[in-house]
Amino acid sequence: LPCELHSWRQMAEYSPEMRQFACILHLYHNKAYDYLRKILPLPHSSSLTKQVFIHSWLSNNEDAAGFSNNIFLRLQEKVERGEQAYRYCALMVQDMSLQKQQEWDWQTQQLTGFVDLGAGVLDADEAPLASEVIILMTVGISSPWRAPLGYFFVNSTTGHLLAQLLRQTINKLNNIGVTVLAVTSGATACGAETARALGIRIDPERIQCTFQHPPGSAHSITYFFDTCHAIRLIRNALQCFQKMEWLSDTVQWQHVVDLATLQEERVVDPCSPQSGGPGSEESYHLKVNLATPLFSEGVAEALEHLQKLGLASFCNCSGTVRFVRLMSHLCDVFHGRGPYGRGLKGPLLAGNYTKISHLFNEAKSFFTTLTDSMGRYIIKSKRKLGFLSFLLNAESLKWLYTSSVCLEDTPSHHLLTHAFSLDPLELFLGALRQACGSSGNPTCATFQAAYRKLLASCSLAPGSLQSGDSGTSLSPRRDLTLGSVRAQYNPARGRTQAREYPGAAGLLLPGSALSNALTDLSLHTRSIACAAGFVAEQLASDLHCEACLASLFESDESRLRGGSVLYIKKLGGVTLPSASVHHITSISEQVLNWYGKARDGNKNSKQWHLYLKQKILQELLGLRSLFPTVTNHFFDGELCINNHYTILVKEITQCYLNIR
């Protein structure tokens, strides 16, 4: 760095090393930056923020670390064309662990793996290696578009650094005509530090849910903590305290454990001798739907149902039911994915704001008076962050609605609350990890290659950046389901083991293969039914969507439906699939018979499987409606081709082809 004071006066003439020094110092510690201005004539921090210099210094036209110029240019084009959906957005930030490793890049002929904030790699013997990468993304609040804005290699993530990066991002978006209305981070120690650095106050008695940007201006931005992170913290609190009390009600973690570990039982109905009787071949079995989220209406209904059945473990679970139901309603509010969601799962509109406001008041009353078994307030304990996160999110959502600045100019006049969670960014990170290829943490070079690949196919159209053909990624996170609880307390049964295909459990001839049995017309129909039942069982062990899992089986319509307790119908010990699963497998078998004989070559290849799936989907088009009991569920998510309906059909088809 030059020692002459005159060398620091003209920002446009700064060398790469000088730009790097100014940017990193300002981002890591702006007070240290202000102190050094007494020694060197560095630009004032406010002018550094407002002017375009630092924006250009931290940006790259390629897919290198820093802000992605290409994405910002495309957003600017949409705003200039008058597309109102892109005028307002939510901003989110998340970090991801990296493997600290120095590598040689043969294309650039440089060493990689060092810290890089977009102003150039810190390439020196004593330079720190990057251990984390910070990713920034912006999403639409009334239209489900999303755009990755850039990434930064760091050796440690701090709340102050994240706050500075967020302010720089907001400036850069403002310069192209995009207004940021909300910021979301994880409900973590670093996330709380970031919120405080921006001016957010997380005190249940005096919550400050907005911060001004630029500081001292009239424009306010709300702050959210990720809902799934908050749910995970509340789950941990309930598990650690075991019991929590509110007035006369008691919330017990053991009720959730007893439900998750409930074993499958044959149900004997005295009113119906042909259902479950000792000599009956047909019977119903009570089964827990392990894909059910912990805090959901399904769990609340199941606890109430088991209490009515008189099971001793659930005789005093009314307090737990109330708590689970309250948390379920809060989760529904903050997971509004599409404009056609019903009830609390829909977008925030004038018609449901009053109901949501009452719910928030009830939650605040509940959380602020909740105590442990010793009478100490949970909201003042070391397990308070999850509850405080929901209180902050509630205030932020109410502020956004009442400010109405985001509604008057938007074409759809509604808020998609899903935009205030980290789910869109988590989907992108999941795709990044998949593109990296390895199960461990990627190196800087591996991450950059994966990011380059995703950025090349990035579209700013609504519904883009979707995940692959996996139903799990569109469902609640798997560590927040009943299945995760069972895995903790009963590891041997934590995951339902997919059985070998039964040589048909008495339905097929002993020792005969399925392919041979299907050529026997006397067994053909029963064999397909048996195979369809096995498909349902196998998918149930991998599916992570409560409604989709329930739709796989034929169940007792007169009993509880939609909760986490299912009544599965069995015949001779074999699970009976739903009519839709049976229909898909029947069509699959027909297609296999039609096209299998005319095909030569390797029939186990991926290309051959894709060919068959295409033919099967063609046969299913225009036929009767599948899965009629969960039609409403399919419309709760985003309106895109690759939703739960199409994923379920493809998964059933693929599973059956694998068996055949």
Side-chain angles (χ1 to χ4, degrees), residues 281-282 468-471 498-543 548-549 551-554 568-630 641-642 644-660:
E281 194 179 353
E282 181 181 296
D469 288 0
S470 172
R499 301 183 289 110
E500 293 283 333
Y501 180 78
L507 291 182
L508 299 181
L509 296 175
S512 64
L514 175 62
S515 56
N516 295 331
L518 286 171
T519 61
D520 189 335
L521 295 180
S522 62
L523 296 175
H524 181 81
T525 303
R526 301 186 78 191
S527 298
I528 290 181
C530 177
F534 179 68
V535 167
E537 286 187 351
Q538 194 165 31
L539 286 181
S541 66
D542 296 317
L543 212 56
C548 292
L549 192 151
S551 69
L552 297 174
F553 302 101
E554 181 176 343
I568 305 300
K569 192 175 182 180
K570 292 194 174 186
L571 180 63
V574 177
T575 301
L576 293 184
S578 65
S580 296
V581 175
H582 183 267
H583 181 67
I584 294 172
T585 53
S586 299
I587 294 296
S588 300
E589 180 58 33
Q590 289 178 22
V591 170
L592 200 55
N593 285 333
W594 292 339
Y595 296 97
K597 297 175 183 178
R599 178 86 176 190
D600 296 325
N602 183 12
K603 294 187 177 182
N604 291 323
S605 67
K606 183 178 180 180
Q607 184 181 5
W608 172 235
H609 272 237
L610 290 173
Y611 173 77
L612 287 176
K613 281 201 290 186
Q614 180 188 15
K615 294 299 181 183
I616 292 168
L617 292 175
Q618 286 176 355
E619 291 298 320
L620 289 171
L621 285 174
L623 297 180
R624 63 181 179 180
S625 176
L626 300 172
F627 310 108
T629 58
V630 287
I641 294 299
N642 211 26
H644 282 211
Y645 180 89
T646 55
I647 289 173
L648 200 55
V649 172
K650 287 188 284 187
E651 290 288 341
I652 292 169
T653 303
Q654 184 63 61
C655 187
Y656 184 74
L657 291 176
N658 290 341
I659 292 172
R660 291 286 278 116

J.: Could you state the interatomic distance from CG (L592) to CD (Q590), rounded to the nearest 0.5 Å?
T.: 11.0 Å
J.: Would you say that I584 contacts Y656 through its side chain, given a criterion of any heavy-atom pair below 4.5 Å between the two side chains?
T.: no
J.: Keeping S588 on the side-chain end and T653 on the backbone end, is there a donor-acceptor pair under 3.5 Å?
T.: no
J.: About how many Å separate CZ of F534 and CG of L539, when rounded to the nearest 0.5 Å?
T.: 10.0 Å
J.: What pair of heavy atoms forms the shortest contact from S586 to I528, and how long is it?
T.: OG-CG2, 3.7 Å
J.: If you compare all heavy atoms of L552 against all heavy atoms of A540, which two are closest, and at what distance to 0.1 Å?
T.: CD1-N, 4.0 Å
J.: Please give me the minimum heavy-atom distance between S578 and S551, naming the atom from each residue.
T.: OG-O, 2.8 Å
J.: Measure the spacing between CG of L612 and CD of Q654 and express it to the nearest 0.5 Å.
T.: 9.5 Å
J.: What is the distance from atom CD1 of I659 to atom CD of Q538, rounded to the nearest 0.5 Å?
T.: 5.5 Å
J.: For the CD1 atom of I652 and the CG atom of L657, what is their distance to the nearest 0.5 Å?
T.: 12.0 Å
J.: With rounding to the nearest 0.5 Å, note down the distance linking CD in E651 to CG in L648.
T.: 8.0 Å
